[in-house]
Enquirer: 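Before I ask anything, let me first share the structure, which is written out below as structure tokens.
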Number of protein chains: 2
Amino acid sequence: MAASRMTAASRVAGAARKDPAPEDDVFDYGELSELLGYQFKRAQLRIFEDFIRCVAALQLTPAQFSVLVMLEKNPGRNQTEIATALGILRPNFVSMLDALESRELCERVRSPHDRRSHLVMLTDKGRSVLSRAKRLVATKHEARLNALLGEGDRATLLRILDKLAGF
Amino acid sequence: MAASRMTAASRVAGAARKDPAPEDDVFDYGELSELLGYQFKRAQLRIFEDFIRCVAALQLTPAQFSVLVMLEKNPGRNQTEIATALGILRPNFVSMLDALESRELCERVRSPHDRRSHLVMLTDKGRSVLSRAKRLVATKHEARLNALLGEGDRATLLRILDKLAGF
DNA sequence: TATTGTTATACTCTATAACTATA
DNA sequence: TATAGTTATAGAGTATAACAATA
């Protein structure tokens, strides 16, 4: 049944053939073809590669972009709150913020109410860079995904991903 | 529009409210809610976590499982071929094979035709472990995904992932 | 005593250069 | 000279423990 269906994965390796002549570059992926986790991982890597390429002019990784979006939408939060909301561990968030702050995209300000906390704020430059990044993401990255998937499949995919959020 | 739709991501942080009273633990994920790459990454991490948990009895990672499947379906291939077919770089495949070979799940045999090549073969033990792993994946991991998604969405998701393979 | 930001550290993945033995 | 397997190494990403300042 792996041979009865023509998947993109099998198309990569070589053209379809009626006789199963073992050409050197054709692999049988077996149950990996139907394993959601495997296909998911490969797709995710490609999507991140494309994101990085599309936003290369602004030198922002997907993770950095997600931090800037969270800072814009949730001003006045401290480091721990932003980090955990994004699934980033607090120790690992320190160097991430260092990198963004050294580029003057955000700044840490001591909370007047709790001097242990650093409230993280977008700078004007950060707001400007984020605005340009959003435009690149929308017009290049997401546009390319839309062209490949179509509006219907894009919406369907988001709906399924939302289901998986409770996994 | 981010607030007009109830996503699982927003449900995680807190219950729905009509008035936008800023509860301490509610975050606005902004355009991340609609960013395919972001949702993809989170979902993929959850799926891999579940895979590892379901196959924990056999101590196989998703990557190791994929290698064993490829060895079973493509016997007589050398290291470079298996590695590149899985998107693994040749240097990094060495230690992966070392780990599997030290557990006697596979073995390297010198090719009689080209003494540079190591043909990688599943051992009987490897075949046995793989067989048990496939059963765990099917009855626990994939079964859990099926229960959450339903047969229809599972098939739809695989079809969309196949589209993304050409991304 | 508990929490925030931080340092140190370690382990996994990923990526590149260069070596060896074969061809 | 080119290729297969390997070593060494470096960089991200992720994880835990512990410390100083503050509550």
Side-chain angles (χ1 to χ4, degrees), chain A residues 24-25 37-38 40-42 44-49 51-53 56 59-67 71 76-102 106-121, chain B residues 24-25 37-38 40-42 44-49 51-53 59-67 71 74 76-102 106-121:
Chain A
D24 290 351
D25 54 349
Y38 181 78
F40 233 84
K41 170 89 172 194
R42 304 302 292 258
Q44 191 256 304
L45 288 176
R46 270 184 281 264
I47 291 174
F48 265 37
E49 272 174 30
F51 182 102
I52 291 171
R53 197 175 52 75
Q59 287 284 98
L60 285 180
T61 66
Q64 289 174 322
F65 178 79
S66 71
V67 171
L71 296 185
R77 298 288 195 157
N78 66 28
Q79 291 186 205
T80 298
E81 289 170 327
I82 297 291
T84 55
L86 286 171
I88 301 170
L89 291 170
R90 279 63 81 218
N92 298 332
F93 197 52
V94 174
S95 58
M96 280 195 67
L97 271 192
D98 286 347
L100 293 174
E101 199 173 18
S102 72
C106 68
E107 56 185 349
R108 294 179 245 223
V109 300
R110 282 218 177 281
S111 165
H113 306 97
D114 184 340
R115 289 169 37 83
R116 292 173 301 184
S117 287
H118 289 177
L119 308 186
V120 192
M121 320 273 286
Chain B
D24 289 350
D25 53 350
Y38 181 78
F40 235 85
K41 170 89 173 195
R42 305 301 294 259
Q44 191 256 305
L45 288 176
R46 270 183 282 265
I47 291 174
F48 265 36
E49 272 174 31
F51 182 102
I52 291 172
R53 198 174 51 73
Q59 286 285 96
L60 285 181
T61 65
Q64 289 174 322
F65 178 79
S66 71
V67 171
L71 296 185
N74 307 273
R77 297 287 194 158
N78 67 27
Q79 292 186 202
T80 299
E81 289 170 327
I82 298 291
T84 55
L86 286 172
I88 301 169
L89 291 170
R90 278 65 81 218
N92 298 333
F93 197 53
V94 174
S95 58
M96 279 194 66
L97 271 194
D98 287 347
L100 293 174
E101 198 173 17
S102 72
C106 69
E107 55 185 350
R108 295 180 244 223
V109 299
R110 282 217 177 281
S111 165
H113 306 99
D114 184 341
R115 289 169 38 82
R116 293 172 300 184
S117 288
H118 290 177
L119 308 185
V120 192
M121 320 274 285

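Note that these values count all heavy atoms, side chains included, but never hydrogens, waters or copies made by symmetry. Model, not experiment: these values are computed from the prediction. Residue numbering restarts at 1 for every chain, and letters A, B, ... go by the order of the sequence lines.
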Enquirer: For B:R90 and A:L89, take the nucleotide of DNA chain D holding the closest heavy atom to each; which residue's nucleotide lies nearer the 5' end?
Expert: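 Residue closer to the 5' terminus by nearest nucleotide: B:R90.
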Enquirer: Which whole-number value in Å describes the distance from A:E49 CD to D:dA12 C1'?
Expert: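 For the pair A:E49 CD and D:dA12 C1', the rounded distance is 15 Å.
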Enquirer: Using whole Å, what does the distance between atom P of nucleotide C:dG5 and atom NE2 of A:H118 come to?
Expert: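 So the NE2-P distance, A:H118 to C:dG5, works out to 7 Å.
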Enquirer: Just how far, in rounded Å, is P of D:dG5 from CD1 of B:I88?
Expert: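 From B:I88 CD1 to D:dG5 P: 13 Å.
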Enquirer: With the side chain of A:Q79 defined as its heavy atoms from C-beta on, choose the nearest nucleotide among D:dT6, C:dG5, C:dT7.
Expert: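 My answer, after comparing the listed nucleotides, is C:dG5.
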Enquirer: Would you work out how much the helix from C:dT1-D:dA23 to C:dA23-D:dT1 bends between its ends, with each end axis defined by five base pairs, to 10 degrees?
Expert: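 If I round to tens, the end axes sit 20° apart.
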Enquirer: In whole Å, what is the span from the CD1 atom of B:I52 to the P atom of D:dT14?
Expert: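 Computing the B:I52:CD1 to D:dT14:P distance gives 13 Å.
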Enquirer: Write out a two-atom table: protein N or O, nucleotide N or O from nucleotides 21-23 of chain D, distance below 3.5 Å.
Expert:
from   : atom 1 : to     : atom 2 : distance (Å)
D:dT22 : OP1    : A:R115 : NH2    : 2.8
D:dA23 : OP1    : A:R115 : N      : 2.8

Enquirer: Using whole Å, report how far CG of B:N92 lies from P of D:dG11.
Expert: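 Distance check: B:N92 CG to D:dG11 P gives 16 Å.
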Enquirer: If you take all heavy atoms of A:Y38 and B:L86, which pair is closest and at what distance?
Expert: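 The answer is OH-CD2, 3.6 Å.
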Enquirer: Grab the NZ-P distance between B:K41 and C:dC13 for me, whole Å please.
Expert: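 Whole-Å distance recorded here is 13 Å.
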Enquirer: Assert yes or no for the condition that the ring centre distance of B:F51 to B:F65 is strictly below 6.0 Å.
Expert: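 Distance test on ring centres: under 6.0 Å, yes.
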Enquirer: Output the distance between atom CG (A:L89) and atom CE (A:M96), rounded to the nearest 0.5 Å.
Expert: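 Rounded to the nearest 0.5 Å, the CG-CE separation comes out at 12.0 Å.
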Enquirer: What distance do B:N92 atom CG and B:L97 atom CG have between them, rounded to the nearest 0.5 Å?
Expert: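 If I round to the nearest 0.5 Å, the distance is 11.5 Å.
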Enquirer: Mapping B:T80 and A:G87 to their closest nucleotides on DNA chain D, which lands nearer the 5' end?
Expert: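 That would be B:T80.
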